[in-house]
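First comes the structure, then the notes that go with it.
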Protein chains: 2
Amino acid sequence: MIGRRDRTARPERRAVPKRVDHDLRRRQIGEALLRIASTRGLQAASMREVAAEAGVSLRLVQYYFHTKTELLLGALAYLGEQLSARVEAHIRALGLPPTPRSLVYGTLTAILPTDAESRRLTRTYAAYYALVLAEPALAADHGTTYPDALERFLAGHLRTAQAAGQVDPGLDAPTAAAGLLALTNGLGSSVLGGQRDGDAALAILTYHLDRLFGHQPGSGEAADSARSAAGDLTH
Amino acid sequence: MIGRRDRTARPERRAVPKRVDHDLRRRQIGEALLRIASTRGLQAASMREVAAEAGVSLRLVQYYFHTKTELLLGALAYLGEQLSARVEAHIRALGLPPTPRSLVYGTLTAILPTDAESRRLTRTYAAYYALVLAEPALAADHGTTYPDALERFLAGHLRTAQAAGQVDPGLDAPTAAAGLLALTNGLGSSVLGGQRDGDAALAILTYHLDRLFGHQPGSGEAADSARSAAGDLTH
DNA sequence: CTCTTGATGATACGGTCGTACCATCAAAAT
DNA sequence: ATTTTGATGGTACGACCGTATCATCAAGAG
């Protein structure tokens with residue numbers, strides 16, 4: 001209503017106005033924060049530290065993120081993108097055609113801290129989790145929608161596996177899916193806490209998946225192929 | 001060697017010297033920190049805030065805990081005491097004689113945030129967990145010995161249940177115990193994160209325990225009794 | 001009764017935090 | 001050519017942090 005900027009629609013007219021790419025700069029700064037959060041925690045991620053990590057001045061961090069809350073939320077959005085991108089890539093790397101078991105397995109192993117990248121992602125996620133616990137106003141809803149979607153995704157493929165006779169049809173799929181996700185998250189916490197290493201956690205997760213999917217005759221072979229697939233993920 | 005204080009053993013000679021009970025004051029201050037950590041996070045637990053919460057002056061906090069690290073570690077020790085005390089009381093409240101299932105069930109439900117006290121404990125534990133992730137020097141070893149002991153405790157009773165025919169003898173007890181603990185921790189995280197409430201998490205945990213323990217004939221009755229026991233815990 | 005000493009109060013110091021303000025410079029608009 | 005404006009640098013401000021220092025008061029020792 002006010003201004004009517006769209007009267008003369010120039011081709012150069014963009015949301016990012018003139019000189020530099022704002023989205024790019026924001027991403028550069030936001031990922032600098034994520035890098036600090038993954039190694040030294042969010043407490044160490046002051047605006048000055050983020051500026052130094054990103055190689056820009058403090059003023060620039062303020063320029064692209066007017067306040068610290070905005071910076072934290074922006075970086076959290078980037079973290080969510082990285083996490084879901086990893087899950088997708090991880091599933092795709094398990095080969096075609098995707099079986100229900102490989103989809104469940106790929107999803108859960110993607111969020112288990114077994115390599116450097118997943119450790120970085122889960123560590124950063126844990127840092128944000130603690131921050132949200134202390135300051136619930138930051139959460140908005142990013143904290144519940146994504147795990148809920150993951151659970152529905154897992155439950156759907158568990159049901160498919162039940163229909164294919166690969167999983168006990170007496171199983172309650174949503175409850176089992178929630179349990180698998182909680183199991184994986186709990187295992188991840190134990191890895192980050194130093195209680196065991198990523199391989200041990202992966203072995204425990206694989207064991208439980210074998211018990212779930214090894215319900216039809218010939219389950220031994222299925223367990224073996226799953227275990228070799230687990231080996232492929234580590235290198 | 002130097003001083004030889006034990007030469008004249010006076011009856012009043014104590015580690016807490018003259019006037020006030022140092023252990024009591026330390027506990028009072030340490031639990032004030034835990035109270036702040038459970039509600040506003042450890043970031044909000046500055047020495048001044050702890051002093052105000054404990055109703056003492058800043059100087060006193062410094063007097064009984066020479067440095068902030070000492071305060072954090074001391075309060076962490078109190079938290080560990082509270083946690084293990086709750087686990088023991090929770091198991092004892094499940095009635096005698098303790099069955100393997102009630103021991104496993106009581107242990108896991110004790111650390112699941114279903115009521116106000118367990119929520120407080122797990123929230124505080126989560127705050128410390130994030131702090132240790134960012135500052136591993138604080139951990140010493142408190143982070144790994146306690147979960148390891150819990151896992152061994154659970155695995156032992158799973159083996160007993162196997163010997164009694166209540167659990168599938170083909171189950172690998174240590175792996176299943178680690179899985180149960182990770183499942184419970186993961187469920188707890190989802191409760192604290194607001195994804196579901198304590199009752200929903202308890203239902204998921206009970207479902208998995210029923211699948212584990214419901215292996216002998218007459219499993220339906222066992223599942224029913226377990227579910228009623230779960231109901232008893234909530235009030 | 002004096003003196004030592006444990007326990008406590010008040011306050012100061014250097015540092016870091018998030019934020020705000022002012023100046024500059026170059027590209028775009030006119 | 002001049003003006004405007006997006007983008008950036010430098011720096012200051014007030015608040016809070018952990019820690020240190022100085023002072024005081026009361027109880028037990030001699």
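Per chain, numbering begins at 1; letters A, B, ... match sequence-line order. Both backbone and side-chain heavy atoms feed into the values below; hydrogens, waters and symmetry mates do not.
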May I ask you to verify if any side-chain N or O of [X] is less than 4.0 angstrom from the OP1 or OP2 atom of [N]?
{"X": "A:R25", "N": "D:dT8", "result": "yes"}
{"X": "A:Y63", "N": "D:dT8", "result": "no"}
{"X": "B:T67", "N": "D:dG18", "result": "no"}
{"X": "A:Y64", "N": "D:dT8", "result": "yes"}
{"X": "B:S57", "N": "C:dA10", "result": "no"}
{"X": "A:H66", "N": "C:dA20", "result": "no"}

Separation of [X] atom [atom1] from [N] atom [atom2], in whole Å?
{"X": "B:R26", "N": "C:dA7", "atom1": "CZ", "atom2": "P", "result": "13 Å"}
{"X": "B:L60", "N": "C:dT8", "atom1": "CG", "atom2": "P", "result": "5 Å"}
{"X": "A:R40", "N": "C:dT16", "atom1": "CZ", "atom2": "P", "result": "13 Å"}
{"X": "A:R59", "N": "C:dC25", "atom1": "CZ", "atom2": "P", "result": "16 Å"}
{"X": "B:D23", "N": "C:dA7", "atom1": "CG", "atom2": "P", "result": "12 Å"}
{"X": "A:L33", "N": "C:dC17", "atom1": "CG", "atom2": "P", "result": "13 Å"}
{"X": "A:Q62", "N": "D:dA7", "atom1": "CD", "atom2": "P", "result": "16 Å"}
{"X": "A:E70", "N": "C:dT19", "atom1": "CD", "atom2": "P", "result": "10 Å"}

Please determine if [X] and [Y] form a salt bridge, counting it only when a charged side-chain N lies under 4.0 Å from a carboxylate O.
{"X": "A:R86", "Y": "A:D115", "value": "yes"}
{"X": "A:R48", "Y": "A:E53", "value": "no"}
{"X": "B:R40", "Y": "A:E135", "value": "no"}
{"X": "B:E151", "Y": "A:R196", "value": "yes"}

Checking contacts here: which listed nucleotide ([options]) is nearest the side-chain heavy atoms of [X]?
{"X": "B:M47", "options": "C:dT8, D:dG9, D:dT19", "answer": "D:dT19"}
{"X": "A:S46", "options": "C:dT8, D:dT19, C:dG18", "answer": "C:dG18"}
{"X": "A:L58", "options": "D:dC22, D:dT11, D:dT19", "answer": "D:dT11"}
{"X": "B:K68", "options": "D:dA12, D:dG18, C:dG9", "answer": "D:dG18"}

**Asked** So, A:Y128 side chain and A:L72 main chain: donor-acceptor pair closer than 3.5 Å or not?
**Response**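 Between the backbone of A:L72 and the side chain of A:Y128 there is a qualifying donor-acceptor contact (under 3.5 Å).
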
**Prompt:** NA contact type, A:F65, heavy-atom cut-off 4.0 Å: base, sugar-phosphate, or nothing?
**Reply:**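 A:F65: no heavy atom of the nucleic acid under 4.0 Å.
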
